[in-house]
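All values below come from the heavy atoms of this structure, side chains included, with hydrogens, waters and symmetry mates left out. Residue numbering restarts at 1 for every chain, and letters A, B, ... go by the order of the sequence lines.
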There are 2 protein chains.
Amino acid sequence: MSMDDVFKALADPMRRRLLDDLHARNGQTLGALCEGRGMTRQAVTKHLAILQAANLIATEKRGREKLHYLNPVPIHDIADRWIGKYERGRLDALATLKRDLEGQTDD
Amino acid sequence: MSMDDVFKALADPMRRRLLDDLHARNGQTLGALCEGRGMTRQAVTKHLAILQAANLIATEKRGREKLHYLNPVPIHDIADRWIGKYERGRLDALATLKRDLEGQTDD
DNA sequence: TGCAAAGGCAACTAGAAGGTTGCATATAAG
DNA sequence: CTTATATGCAACCTTCTAGTTGCCTTTGCA
């Protein structure tokens with residue numbers, strides 16, 4: 001639930017894909033989220049557990065199925081508290097970069 | 001330089017602290033960035049290498065010193081291309097959550 | 001020239017992360 | 001009741017990651 005948990009959860013491409021899939025269609029079952037992923041169900045379960053620990057998804061048990069719902073709030077919080085900080089000074093920082101690194105390759 | 005590199009680079013709290021420090025004072029030397037961090041110079045060097053590989057910082061050699069500059073562009077790109085996607089539908093998703101999870105604890 | 005300061009390189013280690021397999025549990029359907 | 005479906009739990013393995021230590025190179029300066 002900490003900011004670090006959210007960053008770590010977002011670090012894995014498979015977990016970002018899971019969030020993307022839930023963004024496209026919310027409330028999917030575990031089985032649905034496992035399809036076409038070239039990975040065992042247990043691996044996906046672990047990823048979902050990490051996403052849930054970071055409060056990025058919430059789950060609901062319906063009968064024998066488990067439904068998964070995207071929670072965009074922590075992502076918003078990160079954008080707000082951390083990324084925003086770098087964007088506010090963006091133009092200034094870019095100008096500084098240009099001045100200080102004049103002539104360097106843009107690798 | 002890929003989006004995955006940026007996410008992975010941002011996943012480590014020490015690397016985020018390094019970016020914070022460069023955000024507060026740009027153009028610091030390696031030695032300066034090592035101070036008060038309870039970690040060897042080589043460990044910090046590795047973190048900086050990862051940040052540079054993700055294009056989050058740029059470096060310049062000045063004499064025997066190495067200066068480090070923050071590059072906020074990849075962070076902006078992430079906020080724009082990926083995080084923005086989740087924020088646009090934020091209110092809708094929140095409403096869906098509330099409806100679907102009515103009565104659940106907000107852990 | 002000689003020494004100290006700033007940094008680079010490489011090998012090694014401990015622990016975390018991502019994945020698998022095997023089996024157990026709970027619900028739906030016939 | 002029996003069987004199939006959907007998911008949970010736990011041990012294990014392998015790879016990556018973060019950190020260390022030890023030594024080498026380059027630059028500033030007396």
Whole-Å gap separating [atom2] ([N]) and [atom1] ([X]):
{"X": "M39(B)", "N": "dT17(D)", "atom1": "CE", "atom2": "P", "answer": "16 Å"}
{"X": "R37(A)", "N": "dT20(C)", "atom1": "CZ", "atom2": "C1'", "answer": "18 Å"}
{"X": "L33(A)", "N": "dG8(D)", "atom1": "CG", "atom2": "P", "answer": "12 Å"}
{"X": "D4(A)", "N": "dA18(D)", "atom1": "CG", "atom2": "P", "answer": "11 Å"}
{"X": "Q28(A)", "N": "dA6(D)", "atom1": "CD", "atom2": "P", "answer": "14 Å"}
{"X": "K8(B)", "N": "dG18(C)", "atom1": "NZ", "atom2": "P", "answer": "9 Å"}
{"X": "K66(A)", "N": "dT25(C)", "atom1": "NZ", "atom2": "P", "answer": "18 Å"}
{"X": "H68(B)", "N": "dA6(C)", "atom1": "NE2", "atom2": "C1'", "answer": "11 Å"}

Presence of donor-acceptor pair under 3.5 Å, side chain of [X] and base of [N]:
{"X": "R41(A)", "N": "dG8(D)", "result": "yes"}
{"X": "K46(A)", "N": "dG19(C)", "result": "yes"}
{"X": "Q42(A)", "N": "dG18(C)", "result": "no"}

Exercise for the section: Compare every heavy atom of R25(B) with every heavy atom of Q28(B), then report the nearest pair and how far apart it is. Expected result: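 In this case the closest contact between Q28(B) and R25(B) is NE2-O, 3.1 Å.
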Problem - Which nucleotide in dG19(C), dT7(D), dG18(C) has an atom nearest any side-chain atom of T29(A) - result: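 For the T29(A) side chain, the nearest candidate turns out to be dT7(D).
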Problem - Closest to the E65(B) side chain, choosing from dG8(D), dA6(C), dA18(D) - result: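 My answer, after comparing the listed nucleotides, is dA6(C).
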Strictly below 4.0 Å: does [X] bring a side-chain N or O up to OP1 or OP2 of [N]?
{"X": "R64(B)", "N": "dT25(D)", "result": "no"}
{"X": "H47(B)", "N": "dG19(D)", "result": "yes"}
{"X": "T40(A)", "N": "dT20(C)", "result": "yes"}
{"X": "R15(A)", "N": "dG18(C)", "result": "yes"}

Exercise for the section: Tell me what M14(A) touches on the nucleic acid: a base, only sugar-phosphate, or nothing, going by heavy atoms under 4.0 Å. Expected result: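 If one applies the 4.0 Å heavy-atom cut-off, M14(A) turns out to touch nothing in the nucleic acid.
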Practice task
Answer with base, sugar-phosphate or nothing: what part of the nucleic acid does L48(B) contact at a heavy-atom distance below 4.0 Å?
Solution key: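 The answer is nothing, as L48(B) stays clear of every strand by at least 4.0 Å.
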Practice task
Would you give the length of the straight line joining atom NE2 of H76(A) to atom CD1 of I83(B), rounded to the nearest 0.5 angstrom?
Solution key: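 These two atoms lie 10.5 Å from each other.
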Exercise for the section: With rounding to the nearest 0.5 Å, note down the distance linking CG in L19(A) to NE2 in H23(A). Expected result: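 One gets 10.0 Å once the value is rounded to the nearest 0.5 Å.
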Practice task
May I ask you to say whether D4(B) pairs ionically with K8(B), meaning some side-chain N is under 4.0 Å from a carboxylate O?
Solution key: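 Judged by the 4.0 Å cut-off on N to carboxylate O distance, D4(B) and K8(B) do form a salt bridge.
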Exercise for the section: Taking only Lys NZ, Arg NE, NH1 and NH2, and the carboxylate oxygens of Asp or Glu, determine whether D21(A) and R16(A) approach each other closer than 4.0 Å. Expected result: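 Salt bridge flag = no for R16(A) with D21(A).
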Exercise for the section: Take A32(B) and D12(A), find for each the nucleotide of DNA chain C with the closest heavy atom, and name the residue whose nucleotide sits nearer the 5' end. Expected result: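 First, find each residue's nearest nucleotide; the 5'-ward one identifies A32(B).
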Problem - Nearest-nucleotide 5' precedence on DNA chain C, T45(B) against I50(A) - result: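 The residue whose closest nucleotide sits nearer the 5' end is T45(B).
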Practice task
Answer whether the closest heavy-atom distance between the side chains of L70(B) and Y86(A) falls below 4.5 Å.
Solution key: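 Of all side-chain heavy-atom pairs linking Y86(A) with L70(B), at least one is under 4.5 Å.
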